[in-house]
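First up is the structure itself, then whatever we jot down about it.
These numbers come from a predicted model, not from an experiment.
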Amino acid sequence: MSVITLARAESRKLLTVRSTWILAGVTIFATWAMAWMNAASYGLSSDDPRLVSSAPVPLEFRGFEMAGFGYVFIIVIGALWAASEFGPGRQIRTTLATTPARSRVFWVKAAVLSAVLALVSFLTMGGAIVLTHAASDDGLNPWLLSPAIWAQVGGLTLAWTLTGLIAFALGILARTAILPLILLLPLVIGIGDFLVGLWRGAAFLPIVAGAATYSDPSAGIYLAPVVGGIVQGLWAAALLAVASIMFLRRDVG
């Protein structure tokens, strides 16, 4: 089976699974709704008790605090895509029967996942940022966002995509979705930032490093944006390489 034919087959496989559409839909539309509602907080005075923090959010970073919600579902999509091959029906046997070239199968699956995650990520946070500025009436035209803001949306798209690939690699290694969920979800929901406060080296953990590409550097806990992207990219590359080797060598069971 050629690479193009295999890519089409894997794309159909991913996009015909109901959970893919459910998770993508929740990621996009729930984040948009929360961004719209959260935009009202930017008009409150700094001493308003409804605010979680009195520190003002710089204009170019408004809306990016919504990233944590969608991040969770990106990890789930990556983990489930890996685990789907090793479920009760052992779909991997059929996949390798039609395409015995295991390396090709692995990297095409990773590429298809990357494309889907990048699209979902961009739609989610690109839309969330536009809605944030449209609803907050902060004087910034939501349809004419600055290059710096779009660069951060691009950084977030990269971070989410790399995180999904890390979840995929861990799922392939463990042959289950449980391991990536256990290892990655706590870092997304706040444990990562907490660890950085205790140990500076935690800034090099994949989720925390990725957050540097779209977070306010004045917080003082993140790496430089470019460095964070490189660090997370190295995590993804290393884990994908190890998962690829294991995928080539292990028996399908």
Taking the side chain as every heavy atom from C-beta outward, state whether L80 and L23 have any atom pair closer than 4.5 Å.
yes
Quick one: CD1 on I75 to CD1 on I166, what's the gap to the nearest 0.5 Å?
9.0 Å
Residue pair A212 / G228: nearest heavy atoms and the distance that separates them:
CB-CA, 4.2 Å
More than 12 heavy atoms from other groups under 6.0 Å of CZ on R249:
no
So which heavy atom on A203 is nearest to which on I221, and how close?
CB-O, 3.9 Å
Closest non-hydrogen atoms of A35 and A128, given as atom of the first, atom of the second and distance, are CB-O, 3.6 Å
Is there any ring pair (Phe, Tyr, Trp, His ring centres under 6.0 Å) pair reaching into residues 6-29, and which pairs are they, with sequence neighbours excluded?
F29-W32
Would you name the heavy atoms of L240 and L165 that are closest together and state the gap between them?
CD2-O, 3.9 Å
With sequence neighbours left out, the residues meeting side chain to side chain contact (heavy atoms under 4.5 Å, CB included) with L183 are L170, L179
I191: which residues meet the side chain to side chain contact (heavy atoms under 4.5 Å, CB included) condition with it, sequence neighbours left out?
P186, L195
Side chain T213, main chain G210, donor-acceptor under 3.5 Å
yes
Residue set satisfying side chain to side chain contact (heavy atoms under 4.5 Å, CB included) with L248, at least two apart, ordered chain then number -> R102, S103, S244
Which pairs, with at least one residue in residues 190-248 and sequence neighbours excluded, count as a ring pair (Phe, Tyr, Trp, His ring centres under 6.0 Å)?
F106-F247
Straight-line distance of L158 CG to L162 CG, nearest 0.5 Å:
4.5 Å
T20: which residues meet the side-chain hydrogen bond (donor to acceptor under 3.5 Å, both in side chains) condition with it, sequence neighbours left out?
none
4.5 Å side-chain heavy-atom contact, I77 and F168:
no
So which heavy atom on L156 is nearest to which on A67, and how close?
CD1-CB, 3.5 Å
Separation of L239 CG from L173 CG (nearest 0.5 Å)
7.0 Å
From CG (L131) to OG1 (T31), nearest 0.5 Å:
10.5 Å
Under a 4.5 Å cut-off applied to non-hydrogen side-chain atoms, are N38 and M66 in contact?
yes
Hydrophobic clusters join Ile, Leu, Val, Met, Phe, Trp and Tyr when side-chain heavy atoms are under 4.5 Å apart, directly or via other members; which others share one with V226?
I230, L234
Can you name the side chain to side chain contact (heavy atoms under 4.5 Å, CB included) partners of I4, sequence neighbours left out?
S2, R8
Residue pairs passing the salt bridge (Lys or Arg N to Asp or Glu O under 4.0 Å) test with at least one member in residues 108-125, sequence neighbours excluded, are E10-K109, E85-K109
Starting from the C-alpha separation in whole Å, work towards a yes-or-no answer on side-chain contact (heavy atoms from CB on, under 4.5 Å) for V3 and R104.
CA-CA 7 Å; V3 173; R104 183 184 300 174; 3.9 Å; yes
With sequence neighbours excluded, what pairs up with Q232 under the side-chain hydrogen bond (donor to acceptor under 3.5 Å, both in side chains) test?
T163
Heavy atoms, side chains only, cut-off 4.5 Å: are I207 and Y71 in contact?
yes
Distance-minimising heavy-atom pair for W150 and V130
CH2-CG2, 4.4 Å
Just how far is it from atom CG of D216 to atom CD of E60, taken to the nearest 0.5 Å?
7.0 Å
side-chain contact (heavy atoms from CB on, under 4.5 Å), that's the test. Do I149 and I129 meet it? Break it down for me.
CA-CA 9 Å; I149 293 177; I129 301 306; 3.7 Å; yes
Group every Ile, Leu, Val, Met, Phe, Trp and Tyr by side-chain heavy-atom contacts under 4.5 Å, then state whether V17 and I74 land in the same group.
no
If a pair satisfies side-chain hydrogen bond (donor to acceptor under 3.5 Å, both in side chains) and one of its residues is in residues 114-125, list it, with sequence neighbours excluded.
none
Heavy atoms, side chains only, cut-off 4.5 Å: are V112 and W107 in contact?
no
Hydrophobic cluster partners of I182 (side-chain heavy atoms under 4.5 Å)
I178
Between M246 and I172, is a side-chain contact (heavy atoms from CB on, under 4.5 Å) present by the stated rule, with each step listed?
CA-CA 8 Å; M246 295 302 295; I172 290 291; 5.8 Å; no
Output for pair (M125 CE, F64 CZ), nearest 0.5 Å, gives 6.0 Å
Is the shortest side-chain heavy-atom distance between W160 and T27 below 4.5 Å?
yes
Working for side-chain contact (heavy atoms from CB on, under 4.5 Å), residues W81 and L14
CA-CA 7 Å; W81 179 229; L14 178 59; 3.5 Å; yes
Short side-chain to backbone donor-acceptor contact, E65 and G63, under 3.5 Å
yes
